[in-house]
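Each chain gets a letter, A, B and so on, in the order the sequences are listed, and its residues count up from 1.
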Number of protein chains: 2
Amino acid sequence: MVLKTQKEPRFDLIELLFFAYRDFTGDPDTLLTEIGYGRAHHRVLHFVNRNPGLRVSDLLEILKITKQSLGRVLKQLVDDGYIEQAPGEQDRRERLLHTTPTGNALCKKLAYLQTKRINETIAKMPDGSDETIRQFLYLMIDESQRGAVAAMIAKKQKT
Amino acid sequence: MVLKTQKEPRFDLIELLFFAYRDFTGDPDTLLTEIGYGRAHHRVLHFVNRNPGLRVSDLLEILKITKQSLGRVLKQLVDDGYIEQAPGEQDRRERLLHTTPTGNALCKKLAYLQTKRINETIAKMPDGSDETIRQFLYLMIDESQRGAVAAMIAKKQKT
DNA sequence: GCGATAAGTCAACATAGCTGACCCTTTTTG
DNA sequence: CAAAAAGGGTCAGCTATGTTGACTTATCGC
């Protein structure tokens, strides 16, 4: 008897993930385009908003992009008054990042669009689905990264 | 009493989706980079493989990109022998697309990587989670698009 | 004082999207 | 049947976002 090394390809979940993620990011994309920003700006704004006082090098670690790539979008966000930088108190080489009230407002607006889609989806599903979905997505993350993600999510939501 | 228009932002699911999708696409990305391809090639190869005899305009509809953007990657895939084009029998203006055996093999290899992650995840979850996840992802898709996605997934898996 | 670290910057390049303007072939339509 | 429409291809140029590599400045820690 032949021993199969794995079941059939899960084209269903592969394709569902593709289309679901496309539409999930489509909502904010529309708004961002209107103000001349892209998805890169969204990511920076989001993670700075969620981690006030973040160091530049920590942000690079989260986004896994280079200093030069970050530099371009971060400079725009700072110039446009969405993000501010403050020297670290202990270590004055650091530029601790945080959103301005305007930046926070934009971030909330973008999060609202995505939350709306999520809430509308979950409202159509049986009770308890929420936890199953969270668990699935969490376990889809590289094991080495799960701790950091869990820590960020556990933070109080300073909206 | 103030009536809230919505619950708090779902930062947990927003962030889980971001990181899960990043790692989900990271597996094939590594392999693709080795052969000089990007995620754009993967998408074209995947959808042609899943929909043999697809017309170019149908592919544009699925990917929602322009003819010119598609042209670049499609040309490479054809030149490299992963995809072939055949004139339509009824309408000879059409160029019906299908993968070659080599193209199918590459596609399977890439699908294997993603399926592995999915299967390992689901193996850690309670029975029945599978259906909840499928339902969630399906409902996250724009309502107008769901029919087309469901139809594609329902196809027999000619791996 | 000196090497390491945090951050910023300049230049050049690649990928993958876009618009606009054309062309060729084939089908459809008046 | 001639003209319009449709399927597909291609050229040129632009934008967004990622990459390397090299260098500067300020500050920290030993």
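- In this structure, the side chain of Arg95(B) does not engage the main chain of Val56(B) through any donor-acceptor pair within 3.5 Å.
- Every residue was checked against the ring pair (Phe, Tyr, Trp, His ring centres under 6.0 Å) condition with Tyr138(B), not counting sequence neighbours, and none meets it.
- When side chains are defined from C-beta on, Leu106(A) counts as touching Leu31(A), because their heavy atoms get closer than 4.5 Å.
- Residues satisfying the ring pair (Phe, Tyr, Trp, His ring centres under 6.0 Å) test with Phe19(B), not counting sequence neighbours, are Phe47(A).
- Between Asn51(A) and Lys155(A), the closest side-chain pair of non-hydrogen atoms falls below 4.5 Å.
- Under the 3.5 Å distance criterion, with hydrogens and angles disregarded, no donor-acceptor pair is assigned to the side chains of Lys108(A) and Asn49(A).
- Contacts of Thr100(B) classified as side-chain contact (heavy atoms from CB on, under 4.5 Å), with partners at least two apart in sequence or in another chain: Glu84(B), Thr102(B).
- Phe136(A) meets the ring pair (Phe, Tyr, Trp, His ring centres under 6.0 Å) test with no other residue; sequence neighbours excluded.
- Annotation: proximity of residues 59-85 of chain A to DNA chain C (heavy atom, distance under 4.0 Å) is found for Lys67(A), Gln68(A), Gln85(A), numbered in ascending order.
- For the helix from dG1(C)-dC30(D) to dG30(C)-dC1(D), the terminal axes (five pairs an end, C1' atoms, rotation from four pairs onto the next four) enclose an angle of 20°, given to 10 degrees.
- The interatomic distance linking Asp29(B) (CG) with dT19(D) (P) rounds to 12 Å, in whole Å.
- Residues Lys109(A) and Leu113(A) form no side-chain contact, since every pair of their non-hydrogen atoms from C-beta on lies 4.5 Å or further apart.
- Using a 4.0 Å cut-off, some side-chain N or O of Ser57(A) falls inside it from OP1 or OP2 of dA7(C).
- Residue Leu96(A) contributes atom CG, which lies 19 Å from atom P of dA26(D) at whole-angstrom precision.
- Between the CG atom of Leu54(A) and the C1' atom of dA6(C) there is a distance of 13 Å, rounded to whole Å.
- The side-chain contact (heavy atoms from CB on, under 4.5 Å) check on Ser57(B) picks up Arg55(B), with sequence neighbours excluded.
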Polar atoms only, N or O, under 3.5 Å: list the protein pairs with nucleotides 28-30 of chain D and their distances.
from	atom 1	to	atom 2	distance (Å)
dC28(D)	OP1	Arg92(A)	N	2.9
dC28(D)	OP2	Arg92(A)	NH2	3.3

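- With sequence neighbours excluded, the residues that form a salt bridge (charged side-chain N to carboxylate O under 4.0 Å, His left out) with Arg93(B) are Asp91(B).
- Residues from residues 38-45 of chain A that place a heavy atom under 4.0 Å from any atom of DNA chain D, listed by number: Gly38(A), Arg39(A), Ala40(A), His41(A), Arg43(A).
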In a table with atom names and distances, give each donor-acceptor pair under 3.5 Å that connects a side chain of residues 120-128 of chain B to protein atoms at least two apart or in another chain.
from	atom 1	to	atom 2	distance (Å)
Glu120(B)	OE2	Lys116(B)	NZ	3.0
Thr121(B)	OG1	Leu139(A)	O	3.3
Thr121(B)	OG1	Arg117(B)	O	2.9

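- Here His41(B) pairs with Tyr37(B) under the ring pair (Phe, Tyr, Trp, His ring centres under 6.0 Å) rule; sequence neighbours left out.
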